[in-house]
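The structure presented is a predicted model; accordingly, all values stated were derived computationally and were not measured. Throughout, protein chains are lettered first and strands after them, A, B, ... in sequence-line order, and every chain is numbered starting at 1.
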There are 2 protein chains.
Amino acid sequence: MSASSEHGPQRPGERRQDLATNLRIAVLRLSRRLRNESTLEVSEAQHSVLSALFHLGPMTPGKLAEHDHVQRPSMTRTVASLEERGLVVRRQDSDDKRSVVVHITDDGRALVKEIKRRRTAWLDKRLARLTAAERQTIAQAATILRRMVEQ
Amino acid sequence: MSASSEHGPQRPGERRQDLATNLRIAVLRLSRRLRNESTLEVSEAQHSVLSALFHLGPMTPGKLAEHDHVQRPSMTRTVASLEERGLVVRRQDSDDKRSVVVHITDDGRALVKEIKRRRTAWLDKRLARLTAAERQTIAQAATILRRMVEQ
DNA sequence: TATTGTTATACTCTATAACTATA
DNA sequence: TATAGTTATAGAGTATAACAATA
């Protein structure tokens with residue numbers, strides 16, 4: 001049983017496993033650069049929380065923990081650090097008095113926008129050096145990859 | 001000055017900034033999954049050190065720190081944790097008695113291979129669900145991205 | 001005097017276990 | 001009894017400052 005007979009026409013030496021290796025290296029290196037080059041003010045954990053609140057609206061710490069695949073005590077701490085810096089506020093839920101709802105503040109919103117702007121700019125600068133055809137390939141790949149990760 | 005006039009034919013609404021945003025999200029999410037799903041035994045920091053020693057050969061803690069863009073005291077700690085687990089050994093440099101050279105052990109090599117195998121397998125399983133054309137697009141994109149990151 | 005590596009100290013993220021308040 | 005959130009405690013990664021040994 002050969003890989004090429006299973007998976008249709010491919011470039012010589014471009015077996016699916018080679019593709020996985022190549023993609024793995026590309027993605028891990030690019031993500032590392034993206035994180036390092038453009039998140040100065042907050043950690044990645046903090047940014048992830050701010051981003052969730054920004055895009056999905058107010059949420060309980062429990063939901064945030066679930067969203068980020070971390071345990072609730074970890075989220076308690078991350079939310080506390082964000083609240084100390086005035087980037088989020090915690091409010092008692094009026095219905096369920098056990099619950100707390102975390103809201104992003106105006107400062108938090110501004111920071112999310114700034115980090116997004118900086119990361120996009122960093123990437124955009126590099127994308128600008130490519131040809132239009134290369135950019136189109138990457139655009140298609142990005143869409144495919146996002147769908148692939150969701151599944 | 002419009003983006004589309006500068007960069008040639010693109011899908012409607014697929015400005016270069018949209019591409020950067022789309023790619024940023026795809027890469028950050030995929031990298032997160034890759035790290036979480038397939039690195040159980042060692043942290044990412046430890047894996048990075050093992051990988052450098054595996055691919056580049058024995059190195060001083062100073063060189064390792066430089067390679068990973070961390071400070072030397074951080075690397076001292078990471079190397080110590082790897083040595084405790086028998087994945088690396090530290091040896092005195094015969095010429096410069098201030099220096100130490102870190103070598104990967106057979107157990108360390110085996111672990112690097114195992115993690116690489118697991119990450120590639122995780123990705124390969126998901127790539128298998130795509131069409132041959134989609135895989136080809138991703139293969140081309142991976143190559144372009146690797147080149148882009150190096151620059 | 002400069003360099004290599006380490007130790008001291010501190011902050012963040014992560015986890016599990018145990019606790020409080022509420023449902 | 002179950003759930004939401006927190007506190008207690010511990011391990012790992014990161015940093016800066018200070019130190020020892022060597023060049």
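Taking side-chain N and O atoms only, B/Arg90 has a distance below 4.0 Å to OP1 or OP2 of C/dT6. Between B/Ser74 and D/dG13, a side-chain N or O to OP1/OP2 separation shorter than 4.0 Å is absent. For D/dA12, neither phosphate oxygen OP1 nor OP2 lies less than 4.0 angstrom from any side-chain nitrogen or oxygen of B/Ser81. For C/dC13, the OP1/OP2 oxygens have a side-chain nitrogen or oxygen of A/Gln46 closer than 4.0 Å.
At whole-Å resolution of the value, CG in B/Asp68 and P in D/dA12 are 18 Å apart. When rounded to the nearest whole Å, the span between CE of B/Met75 and C1' of C/dT7 equals 17 Å. Look at CD on B/Glu84: it is 11 Å from P on D/dG11, rounded to the nearest Å. Note: NE2 (B/His47) to C1' (D/dG13) measures 17 Å, nearest angstrom. Between B/Glu66 atom CD and C/dT4 atom P the separation is 10 Å, expressed in whole Å. In this structure, the CD atom of A/Glu44 is 15 Å from the C1' atom of C/dT14, given to the nearest Å. The CZ-C1' distance, from B/Arg72 to D/dA17, rounds to 13 Å in whole Å. Taking atom CD of residue B/Glu83 and atom C1' of nucleotide C/dT6, one finds them 13 Å apart after rounding to whole Å.
Residue contacts shown for B/Asp93 are absent, as no nucleic acid heavy atom lies under 4.0 Å away. Using a 4.0 Å heavy-atom cutoff across all strands shown, B/Asp96 reaches sugar-phosphate atoms only and no base atom. Within 4.0 Å of A/Pro61, counting heavy atoms only, lie sugar-phosphate atoms of the nucleic acid but no base atom.
Ranking C/dT12, C/dT6, D/dT14 by closeness to the A/Ser43 side chain, first place goes to C/dT12. The nucleotide whose nearest atom lies closest to any side-chain atom of A/Gln71 is, among C/dT16, D/dG5, D/dA10, C/dT16. Counting only heavy atoms from C-beta on, B/Ser99 has its side chain closest to C/dT4 among C/dA21, C/dT14, C/dT4.
Atom CG of A/Leu130 and atom CD1 of B/Ile144 lie 7.0 Å apart (nearest 0.5 Å). Distance check: A/Thr60 OG1 to A/His67 NE2 gives 12.0 Å after rounding to the nearest 0.5 Å. Taking CE from B/Met148 and CD1 from A/Ile138, the interatomic distance works out to 5.5 Å, rounded to the nearest 0.5 Å. The structure places CD of A/Glu134 at 10.0 Å from CG of B/Leu145, a figure rounded to the nearest 0.5 Å.
Nucleotides of DNA chain D nearest to B/Val70 and B/Lys97 differ in position, and the one nearer the 5' end is that of B/Val70. The residue among A/Asp95 and A/Ala45 whose nearest nucleotide of DNA chain C is located toward the 5' end is A/Ala45. In this structure, A/Thr78 and A/Arg98 both approach DNA chain C, and ranking their closest nucleotides by distance from the 5' end singles out A/Thr78.
Counting all heavy atoms, side chain and backbone alike, A/Ala26 lies closest to B/Ala142 at CB-O, 3.7 Å.
Relative to the six-membered ring of A/Trp122, A/Arg118 misses at least one condition, a distance below 6.0 Å or an angle of at most 45° to the axis.
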